[in-house]
Amino acid sequence: MSGLGRDLRQVVRGRVLVPGEEGFEEAGAAWNLAVRQRVSAVVEVADAADAAGLVRFAAAAEVSLSTRATGHSPSAAADGTVLVTTRALDEVEIDVASRVARVGAGVAWQPVLERAAVHGLAGACGSSAVVGVAGYTLGGGVGWFARSRGYAAHAVRALNVVTADGDRRRVTAESNPDLFWALRGGGGDFALVTGLEFELFDAPELFGGRMLWPAERSAAVIAAFQEATAEAEAGLSLWLTLIQFPPFPQVPEPLRGQAMVAVDVVAVGAVTGPLRRFDEIAGLVLDTRRPLDAAQVGEVCMEPTDPAPARVRGELLTDFSAEVGEALLAAAAPQGSVGPLALVQIRHLGGALATPPADAGCAGGIAEPYLLSLLGPAPTPEFEALVVERQAAVVDAMRPHLSGRKPFTYLDSGENPAAVFDTETLARLRDIKARRDPDGLFRSNFPVAPPLGEADPSWAAAPATV
Ligand SMILES: Cc1cc2nc3c(=O)[nH]c(=O)nc-3n(C[C@H](O)[C@H](O)[C@H](O)COP(=O)(O)OP(=O)(O)OC[C@H]3O[C@@H](n4cnc5c(N)ncnc54)[C@H](O)[C@@H]3O)c2cc1C
């Protein structure tokens with residue numbers, strides 16, 4: 001047994017695995033299998049007290065810690081660290097009277113949605129309910145209710161954390177305003193979060209689902225999407241996706257290997273009028289729209305729930321006019337299919353995202369009206385190279401319509417938060433990091449500051465919000 005493994009077992013009660021031991025590879029594997037983090041140990045902390053003991057040990061031993069809930073956003077920045085997994089921090093408490101959820105840092109969205117839906121309440125989850133509440137919310141979180149409620153981070157009222165000195169703290173706007181600001185959008189670089197408390201909201205009348213057409217209808221669907229989003233109220237969220245379904249057995253037979261175009265919708269209340277724009281488009285092969293239970297919002301986009309290797313690239317669009325739609329179609333699907341990519345998605349933003357509250361945390365708001373994301377499978381290094389090349393080509397073609405900023409939760413391994421924040425916000429985050437964690441004990445997958453001595457220009461701040 002390695003010295004590190006032996007030492008860790010003396011201080012934590014959860015499972016400890018080091019390289020070479022049976023179970024290490026499995027415990028170290030992220031949900032996104034495209035990135036294998038080369039960590040020196042995996043520690044599955046048993047509870048918050050265990051996490052605090054681990055932090056005190058790491059500080060004394062001068063070991064850095066990275067943290068994982070589900071591993072939807074692994075990155076090479078965690079290489080060399082001890083990886084803390086929070087799976088055992090799985091409590092979910094719904095306080096109906098105060099309309100608040102208190103969840104452990106290892107919880108995914110689905111159990112929160114299910115428990116809240118029983119009371120007619122919902123939380124600000126994204127497209128997939130197997131994504132972790134912690135990483136999603138610490139990075140802001142742009143989901144189905146972002147137009148009506150803002151970032152998921154805006155709903156946070158308190159975070160239970162272990163700080164770099166090994167103390168357990170309940171971080172609120174009053175107790176630790178600097179940490180409270182940084183942890184709502186700046187990722188996990190400032191503390192080890194053991195639990196989150198956030199507001200739920202009424203979801204009495206939800207309607208949603210997916211409309212799907214063959215890819216030949218893309219131009220007509222894009223035009224209808226532009227018209228519908230131009231008149232959509234904040235309660236109506238519309239996402240357009242150009243899809244190349246993979247030829248895998250998990251994909252239902254009629255869709256397997258097919259190039260398609262989808263519009264996904266979630267409507268809160270009676271705001272579905274703009275959907276008439278899609279009525280005249282022929283060839284609809286699937287329409288799952290229906291009254292939705294709040295626990296079902298994670299099903300709308302039909303995203304895979306099992307681990308898979310993928311590369312993602314996110315960008316913010318300054319507009320999505322007819323000209324931009326044509327440019328996107330030409331760049332992303334030159335032969336009618338987005339392959340080697342699997343998904344090219346445009347999310348309509350705006351609404352509450354464009355008018356953030358004064359206490360929005362470092363996430364702030366998003367002034368850009370649309371989000372572009374490009375996702376491709378990475379089953380082999382060769383295919384991954386094709387995906388990355390196509391992502392770069394599409395981004396190059398779209399550059400005149402991009403603001404140059406990225407949403408935090410869309411960062412991929414190798415990218416950093418300098419692409420997310422403006423100069424002032426980035427400087428404030430780096431100052432908080434330097435004061436709260438001067439020895440770099442915590443290593444976020446997307447650290448706010450470069451490693452000492454790094455002079456790469458990619459660490460310069462993003463342009464100011466458009
Ligand atoms: C299929 C899919 C769908 C998605 N849909 C959306 C979407 O609709 N909207 C959106 O905004 N994003 C979306 N994302 C991105 C998602 O929000 C990020 O991947 C997010 O980081 C996932 O959080 P996690 O905790 O599950 O992931 P993890 O990979 O476990 O965590 C990500 C990072 O968060 C930090 N972190 C996690 N837990 C802690 C903790 N306890 N303490 C300190 N730091 C911590 C760490 O730096 C960690 O490395 C999606 C991703 C996928 C793969």
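Just so you know, ligand 1 is whichever comes first in the structure, and atom 1 is the first atom listed for that ligand. Excluded from the calculations below are hydrogen atoms, water molecules and symmetry mates; all remaining heavy atoms, backbone and side chain alike, are included. Position 1 is the first residue of the sequence; numbering continues from there.
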Can you confirm whether Glu91 is buried at CD, in the sense that more than 12 heavy atoms of other residues, nucleotides or ligands lie under 6.0 Å from that atom?
yes
Within the 4.0 Å heavy-atom shell around Ser128, which atoms of ligand 1 are there?
3 (C)
Test side chain to side chain contact (heavy atoms under 4.5 Å, CB included), reference Met211, set Leu240, Asp287, Asp264, Val221, output is Asp287
Return yes if some donor-acceptor pair links the side-chain N/O of His154 with the main-chain N/O of Tyr151 below 3.5 Å, else return no.
yes
Can you report which non-hydrogen protein atom sits closest to atom 29 (O) of ligand 1, along with the distance?
Ser73 N, 2.9 Å
Is the contact between Gln37 and ligand 1 made by the side chain, the backbone, both, or neither, using heavy atoms and a 4.0 Å cut-off?
neither
Leu138 near ligand 1 by a heavy-atom separation under 4.0 Å
yes
Numbered atoms of ligand 1 (with element) below 4.0 Å of Val142, judged on heavy atoms
7 (C), 8 (O), 9 (N), 10 (C), 11 (O)
Using a 4.0 Å heavy-atom cut-off, which part of Phe446 comes near ligand 1: side chain, backbone, both, or neither?
neither
Region of Arg68 that comes within reach of ligand 1 [heavy atoms, distance under 4.0 Å]
both
Go through the side-chain N and O atoms of Gln345 and Arg347 and say whether any donor and acceptor fall under 3.5 Å apart.
yes
Does the plane of the ring in Phe446 sit parallel, tilted or perpendicular to the ring in Phe408? Use 30° and 60° as the thresholds.
perpendicular
Pull out every atom of ligand 1 sitting under 4.0 Å from any heavy atom of Ala105, numbered as shown with elements.
41 (N)
Residue part near ligand 1, for Ala191, under 4.0 Å between non-hydrogen atoms:
backbone
For the backbone of Leu89 and the side chain of Thr86, can you confirm whether one donor and one acceptor N or O come within less than 3.5 Å of each other?
no
Could you check whether any heavy atom of Gly71 sits closer than 4.0 Å to an atom of ligand 1, since that is the contact criterion I want to use?
yes
With only distance considered, is Thr70 within less than 3.5 Å of ligand 1 through an N or O on each side?
yes
Mutual orientation of the aromatic rings belonging to Trp239 and Trp144 [parallel < 30°, tilted 30-60°, perpendicular > 60°]:
parallel
Can you tell me if Gln37 uses its side chain to pair, donor with acceptor, with the backbone of Ser75 under 3.5 Å?
yes
So for ligand 1, is Asn445 a polar contact partner (N or O within less than 3.5 Å, distance only)?
yes
Does ligand 1 come near enough to Leu192 that some N or O of the ligand is less than 3.5 Å from an N or O of the residue?
no
Short N or O distance, Tyr136 and ligand 1, threshold 3.5 Å exclusive:
yes
Which of the ligand 1 atoms, numbered from 1, are nearer than 4.0 Å to a heavy atom of Arg347:
7 (C), 8 (O), 9 (N)
Check whether any heavy atom of Gln345 sits under 4.0 Å from an atom of ligand 1.
no
Would you check whether Ser66 reaches within less than 4.0 Å of ligand 1, judged by its heavy atoms?
no
If I apply the N/O under 3.5 Å rule, does Gly132 come out as touching ligand 1?
yes
Should the pair Arg147 and Phe145 be classed as cation-pi, given the thresholds of under 6.0 Å to the six-membered ring centre and 45° from the axis?
no
Atoms of ligand 1, numbered as shown, that sit under 4.0 Å from any heavy atom of Trp31
53 (C)
Could you check whether Phe190 and Phe442 have their ring centres less than 6.0 Å apart?
no
With heavy-atom distances below 4.0 Å as the criterion, list the atoms of ligand 1 near Glu303.
1 (C), 2 (C), 3 (C)
Can an N or O of Val131 be found at a distance shorter than 3.5 Å from an N or O of ligand 1?
no
